[in-house]
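One structure is given below, encoded as structure tokens.
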There are 2 protein chains.
Amino acid sequence: MQPVSDDREGHEDCAPRRVLEIFATKWTSMILHTLHSVHGGQARTGVLHRSLPGLSKKMLVQTLREMEHSGLIDRQAESVVPPAVRYRLTPLGYRFVDLIEQIYAWGRDNADALDALRPRASSRRRSG
Amino acid sequence: MQPVSDDREGHEDCAPRRVLEIFATKWTSMILHTLHSVHGGQARTGVLHRSLPGLSKKMLVQTLREMEHSGLIDRQAESVVPPAVRYRLTPLGYRFVDLIEQIYAWGRDNADALDALRPRASSRRRSG
DNA sequence: CAGGATCCTTCTGGATACTG
DNA sequence: CAGTATCCAGAAGGATCCTG
């Protein structure tokens, strides 16, 4: 995805655009969700990585950087051998992940409706 | 963005992955937000387009299709000359956009914190 | 006005190799 | 283990042209 706002007009001041950059980044919310629900708010890089199949190391690190810059998480690194880095949700991150969880809850709550509207390939129907 | 889930394992069953495809699509939430807050839940294509500077027609239509398939909006077209197409939030869409608005509210609420953490170029500070 | 098809540039993101 | 840099195939997305 390319940057949503590029200051072409006066939209960098618009809250939606600001937030969009954060939560429309494909992996941000998944990472937050995992960090929150699976690891209780904090985890080391490798652990987090193994919890997110399909996410490459490159993207994980890159997204973690962005999240760090956005203030959603903070990073604690011990500059010694075997590097131990720990990412933790910040208070800001906690407030955000709460909303993310609501979105996911919406998804679970409406799984049926969402499923009914996606007649993908491989006609899988349980009773019809 | 490439498809988030590709059925590599068993994750297509995971609610987060499902939802991710919807709300992590860069323009989906902006369109919903605009449709909801600016146009009261329904609008014609052109009107919607003009409300979303920076969004090309191609992406608008494409995203509208996805949203339609997801059941967030529905589409009413009159097959006559000058085509008049109207997009409207569905009940499902209304429930979703409500969460989107909360995310934006979070953004406004924490604009200060978010801003403080982004020491981009061009040091613009309004009052110190 | 609504939107599909095409072309072509840009960006994303995986694989790999390397540092500490 | 944690992270960076490079390479490169493939996807995203804008511009344009065309239909009804």
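In what follows, every heavy atom counts, from backbone to side chain, and hydrogens, waters and symmetry copies are set aside. Residue numbers begin at 1 in each chain, while the letters A, B, ... track the order of the sequences.
Rounding to whole angstrom units, CZ of residue B:R86 and C1' of C:dA2 are separated by 14 Å. When rounded to the nearest whole Å, the span between NZ of B:K26 and C1' of C:dT10 equals 15 Å. If you measure from atom CD1 of A:I31 to atom C1' of C:dG13, you get 13 Å, rounded to the nearest angstrom. When the C1' atom of C:dA2 is taken as reference, atom CD of B:Q76 falls 15 Å away, rounded to whole Å.
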Side chains of residues 53-63 of chain A: which donor-acceptor pairs under 3.5 Å do they make with residues two or more places apart or in other chains?
unit_1: A:S56; atom_1: OG; unit_2: A:M59; atom_2: N; d: 3.2
unit_1: A:T63; atom_1: OG1; unit_2: A:M59; atom_2: O; d: 2.7

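Remark: A:D109 engages no residue in a side-chain hydrogen bond (donor to acceptor under 3.5 Å, both in side chains) (not counting sequence neighbours).
Taking a 4.0 Å limit (strictly below) on heavy-atom distances, residues 37-46 of chain B does not reach DNA chain D anywhere.
Placement of A:V85 and A:L52 within a single hydrophobic cluster is found when ILVMFWY residues are connected by side-chain heavy-atom separations under 4.5 Å, directly or transitively. Residues A:I103 and B:Y94 fall within the same hydrophobic cluster, defined by Ile, Leu, Val, Met, Phe, Trp and Tyr side chains chained together at heavy-atom separations under 4.5 Å.
In this structure, the side chain of B:T90 engages the main chain of B:L72 through a donor-acceptor pair within 3.5 Å.
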Pairwise N/O distances under 3.5 Å, protein to nucleotides 4-6 of chain C:
unit_1: C:dG4; atom_1: OP1; unit_2: B:R65; atom_2: NH2; d: 3.4

Could you go over nucleotides 17-20 of chain D and give all protein N or O partners under 3.5 Å, atom names and distances?
none

message: One pair to check against side chain to side chain contact (heavy atoms under 4.5 Å, CB included): B:L32 and B:I73. What are the steps and the verdict?
response: CA-CA 9 Å; B:L32 284 174; B:I73 57 174; 4.2 Å; yes
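Where the helix from C:dC1-D:dG20 to C:dG20-D:dC1 starts and where it ends, the local axes point in directions that differ by 40°; five pairs per end, rounded to 10°.
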